[in-house]
Amino acid sequence: MAGLENEDNQTKTVGGSGSDTGADPQTPVLRINQLDAFELDSALEQLVWTHFSQCFQNCRPGLLTPLEPELRALLQLLLWRFTLYSGSATVGQSLLSLRYHSTLSSSPRYRHLSRRQKLGLALLTVGPRWLQERSHSLLLLLGLGPCVGGPLVGGDGGLLQQGVRRSLALVSGIAQLASLANFLVFLRNGRHPVLAERIVGARTVFSNPNAVRDVTYEYMNRELLWHGFAEFLIFFLPLINTRKVKATVYSFLFGGKGEDGEGAREGPGVWRECGLCGEWPTMPHTVGCQHVFCYYCIKSHAIADACLTCPNCGAEAAQVQPVQLEVEMGAR
């Protein structure tokens, strides 16, 4: 009897290879859980790449740069082989008690992804990233890159180059638009956060709805608060003129520096160092106050800030002008 029961259990496991009594495809998965799984997967990929690159830190600098897209793709495929291919779940999904369910079957029970679906997910995830990073090199290899010596002599060759570039730009734009539309649909119905899942017919479901999350809610709440605060800073900080605030605080703390130049350093010492980089001024320029700057330092500062002020004294800056120095020649 025991042998028959074991044989029956093996038959259920092998014959119903697509079923899993623990998974529940009927229970909807929260959108935040699905997005958190992608964030965890991205963090894992970056961690693996960091450790891999550290193995070559004592080698010649830039050794991995020519092959970096291929190496990243290879590491991603290795992660796919030992996670998604073997268990129908990524590392992030496993931490959140999630896995992929095949929607190609009409059965209400859980179905594992087929090998073709897993391979499709790998190609649609790794392939576009690799093509995006290698597109310029591939165009050069096919002779469709920008011509160093100017336009091609043959009109057909130039039209071919423009046609291929425009076609690639059009395909890339359509793919980005499709991804955006898919994400908007995901926000509405909570299924398929990425386009690759929708194409291959893979949907995220709970592997065990009653399991305790390995990532605690306290940690997730802290992460959500931190990300919300970071997004607020990203939105708010560009609205602040940090250079002017820095000059005002510096003037208040060290006193006496204003638009009229009172309290500014005087004497020949002020002309011997750039007010931004602190080095000897290269092509010295001034903005109307007592400070001197390298031409490239103050010019980049002026480009970055439309309302230019002196970074040191906070004085309202005039037009950037070269310094006029009077040199006295003593008779020998």
Which heavy atom of Arg31 sits nearest to which heavy atom of Phe186, and what is that distance? NE-O, 3.4 Å

Looking at Phe56 and Leu64, what are the two nearest heavy atoms and their distance? CD1-CD1, 3.8 Å

Taking Trp80 for the side chain and Leu119 for the main chain, is one N or O donor matched with an acceptor at less than 3.5 Å? no

Considering all heavy atoms of both residues, which atom of Gly92 and which atom of Asp41 are nearest to each other, and what is their separation? N-OD1, 2.7 Å

Assess whether atom CD of Gln132 is packed by more than 12 heavy atoms of other residues, nucleotides or ligands within 6.0 Å. no

Does Thr27 reach the side chain of Val205, with side-chain heavy atoms less than 4.5 Å apart? no

Under the criterion side-chain contact (heavy atoms from CB on, under 4.5 Å), I'd like the reasoning laid out for Thr103 against His101: C-alpha separation, chi angles, the key distance, then a yes or no. CA-CA 6 Å; Thr103 59; His101 162 67; 4.3 Å; yes

Do Leu121 and Lys118 have side chains that get closer than 4.5 Å, going by heavy atoms? no

Is Phe38 close to Thr90 at the side-chain level, that is, under 4.5 Å between some pair of heavy atoms? no

When rounded to the nearest 0.5 angstrom, what distance separates CG in Leu77 from CG in Leu84? 11.5 Å

Donor-acceptor pair, distance only, cut-off 3.5 Å: does the side chain of Ser88 make one with the backbone of Arg99? no

So do Thr286 and Phe293 actually touch side chain to side chain, heavy atoms under 4.5 Å? no

Sub-3.5 Å donor-acceptor pair from the side chain of Gln76 to the main-chain atoms of Thr125, do we have one? no

Less than 3.5 Å apart, any donor N or O on the side chain of Gln117 or Ser102 sitting next to an acceptor on the other? yes

Donor-acceptor contact below 3.5 Å, side chain His285 vs main chain Met283: yes

Atom pair CG/CG of Asn58 and Leu63 - distance to nearest 0.5 Å: 11.5 Å

Which other residues end up in the same hydrophobic cluster as Leu104, if Ile, Leu, Val, Met, Phe, Trp and Tyr are linked when side-chain heavy atoms come under 4.5 Å apart? none

Quick one: OG on Ser179 to CG on Leu184, what's the gap to the nearest 0.5 Å? 11.0 Å

With a 6.0 Å cut-off (strictly less than), is the heavy-atom count around OH of Tyr296, excluding the residue itself, greater than 12? no

Between Arg72 and Trp130, is NZ or CZ placed under 6.0 angstrom from the six-membered ring centre and within 45° of the ring axis? no

NZ/NE/NH1/NH2 to OD/OE distance under 4.0 Å, Glu70 and Arg134: yes

Please report the C-alpha distance between Leu47 and His51 in whole Å, then the side-chain angles of each, then the deciding distance to 0.1 Å, and finally whether the side-chain contact (heavy atoms from CB on, under 4.5 Å) criterion is met. CA-CA 6 Å; Leu47 182 62; His51 284 285; 3.5 Å; yes

Among residues at least two apart in sequence or on other chains, which ones pass side chain to side chain donor-acceptor pair (under 3.5 Å) with Glu45? Arg129

For Phe82, is there any backbone N or O sitting under 3.5 Å from a side-chain donor or acceptor partner on Ser86? yes

Between Leu124 and Ala196, which heavy-atom pair has the shortest distance, and what is it? CB-CB, 3.7 Å

For the residue pair Leu195 and Asn182, what are the closest heavy atoms and their distance? N-ND2, 3.3 Å

Rounded distance (nearest 0.5 Å) linking atom CD of Gln57 with atom OG of Ser53: 8.5 Å

Does the side chain of Val185 come within less than 4.5 Å of Arg188's, by heavy atoms? no

Nearest-0.5 Å distance, CG of residue Leu35 to CG of residue Leu40: 11.0 Å

Fit a plane to each ring of Tyr110 and His112, take the angle between them on a 0 to 90° scale, and name the class: parallel (under 30°), tilted (30 to 60°) or perpendicular (over 60°). perpendicular

Minimum heavy-atom distance between Thr204 and Gln93, given as atom pair plus value: OG1-NE2, 3.6 Å

Other residues, nucleotides and ligands only: do more than 12 of their heavy atoms fall within 6.0 Å of CZ on Arg203? yes

